[in-house]
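Shown next, in structure tokens, is the structure this report addresses.
Please read all numbers here as calculations on a predicted model, not as lab measurements.
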Amino acid sequence: SHSQTRPVELTLGAQHYHSAKPHRTLRHVATMVEQNNNMTIGEAELEFMVNGTPRSKRFNDTYFNTEGGLAESRRVFLDGSGLPSAWADHNTFTIGETGFGTGLNFLATWHAWRTSESKPHHLNYLAVEGFPLSRDELEVCHTHYPELFPYTEELLRTYPTPHPGY
């Protein structure tokens, strides 16, 4: 005869699981933990071109051109997202970005939020990066944008140590 099993609820990090079949849930979670433990963080293999433009050797691509990178972030990321007008009537506004890169979009967004007359009280900015740069690399990437220095300093002060997984 089959024994009765009770539903299981399990929380692992930010993940919450509920299942009427505990053996399947636990097997799934065990697989996730094993995959997470086997993950490594990739390196962008950053180099700087003669004019200071940051470039990933791994992807054979530049992050931005130092002569117009901030203007490009504002035009492509902020204007492309309808910011700052999109957040004007909100108390809280959340932005999600896949590919934090050098953080230039983040810094441009933060600057726009701080200087905007009509802005939410809370701005949440969530970003992920498969090939995160080091604090030192980020600092060098932003030396060409003195108007962002206060934001860059705070970013560098609070920049988390990259780790794989969720």
Honestly curious: do Leu107 and Phe149 fall in one hydrophobic cluster under the side-chain, below-4.5 Å linking rule?
no
Please determine, by modelled atom types, if Asn51 and Thr53 share a side-chain donor-acceptor pair under 3.5 angstrom.
yes
Can you confirm whether or not the ring centre of Phe59 sits under 6.0 Å from the ring centre of Phe131?
yes
Pick out which of Trp110, Trp113, Tyr145 makes a ring pair (Phe, Tyr, Trp, His ring centres under 6.0 Å) with Tyr151.
Trp110
Approximate separation, where rounding is to 0.5 Å, of Lys119 NZ and Ser85 OG
15.5 Å
For Asp89, does the CG atom sit with more than 12 other heavy atoms under 6.0 Å from it, leaving out its own atoms?
no
Glu137, CD: over 12 other non-hydrogen atoms inside 6.0 angstrom
yes
His122 backbone acceptor or donor facing Thr92 side chain under 3.5 Å:
no
For the residue pair Ser73 / Asn105, report whether a side-chain donor-acceptor contact shorter than 3.5 Å exists.
yes
For Glu72, is there an ion pair with Arg75 - N to carboxylate O distance below 4.0 angstrom?
no
Are side-chain heavy atoms of Leu133 and Cys141 found at a separation under 4.5 Å?
yes
Could you tell me the separation between the CD atom of Glu47 and the OG1 atom of Thr62, rounded to the nearest 0.5 Å?
10.5 Å
If we ignore hydrogens and angles and just use 3.5 Å, is the side chain of Ser56 paired with the main-chain N or O of Ala44 as donor and acceptor?
yes
Please tell me whether Tyr63 and Leu156 are part of a single hydrophobic cluster in this structure, the criterion being side-chain heavy atoms less than 4.5 Å apart.
yes
Tell me whether the rings of Phe93 and Trp87 are parallel (<30°), tilted (30 to 60°) or perpendicular (>60°).
perpendicular
Measuring from atom CG of Leu123 to atom NE2 of His90, what distance do you get when rounded to the nearest 0.5 angstrom?
11.5 Å
Hey, could you give me the CZ/CG distance between Arg55 and Asn65, rounded to the nearest 0.5 Å?
13.5 Å
Side chain to side chain, Ile95 and Leu126, heavy atoms closer than 4.5 Å
no
Glu147 vs Arg74, test: salt bridge (Lys or Arg N to Asp or Glu O under 4.0 Å). Steps then yes/no.
CA-CA 14 Å; Glu147 70 187 273; Arg74 287 176 172 150; 2.8 Å; yes
Taking all heavy atoms of Pro84 and all of Ser116, pick out the closest pair and write down the distance.
CB-OG, 4.0 Å
Is there a donor-acceptor contact under 3.5 Å from the side chain of Thr143 to the main chain of Val140?
yes
Check: Leu70 and Leu148 side chains under 4.5 Å, non-hydrogen atoms:
yes
Smallest heavy-atom separation, Pro132 atom then Tyr159 atom, equals CB-OH, 3.9 Å
So, for His144 and Pro146, which heavy atoms are closest and what is the spacing to 0.1 Å?
O-CD, 3.3 Å
Mind telling me whether Tyr125 and Phe77 have parallel, tilted or perpendicular rings, with 30° and 60° as the class edges?
tilted
With hydrophobic residues grouped by side-chain heavy-atom distances under 4.5 Å, do Met49 and Phe64 end up in a single group?
no
Give me the atom names and distance for the closest heavy-atom approach of Pro54 to Leu46.
CB-CD1, 3.8 Å
Closest heavy-atom pair and its distance - Ala127, Phe100:
CB-CD1, 3.6 Å
Short side-chain to backbone donor-acceptor contact, His142 and Thr102, under 3.5 Å:
yes
Tell me whether Arg114 at atom CZ has more than 12 heavy atoms from other residues, nucleotides or ligands lying less than 6.0 Å away.
no
Tell me whether Val76 is reachable from Leu83 by hopping between hydrophobic residues (I, L, V, M, F, W, Y) whose side-chain heavy atoms are closer than 4.5 Å.
no
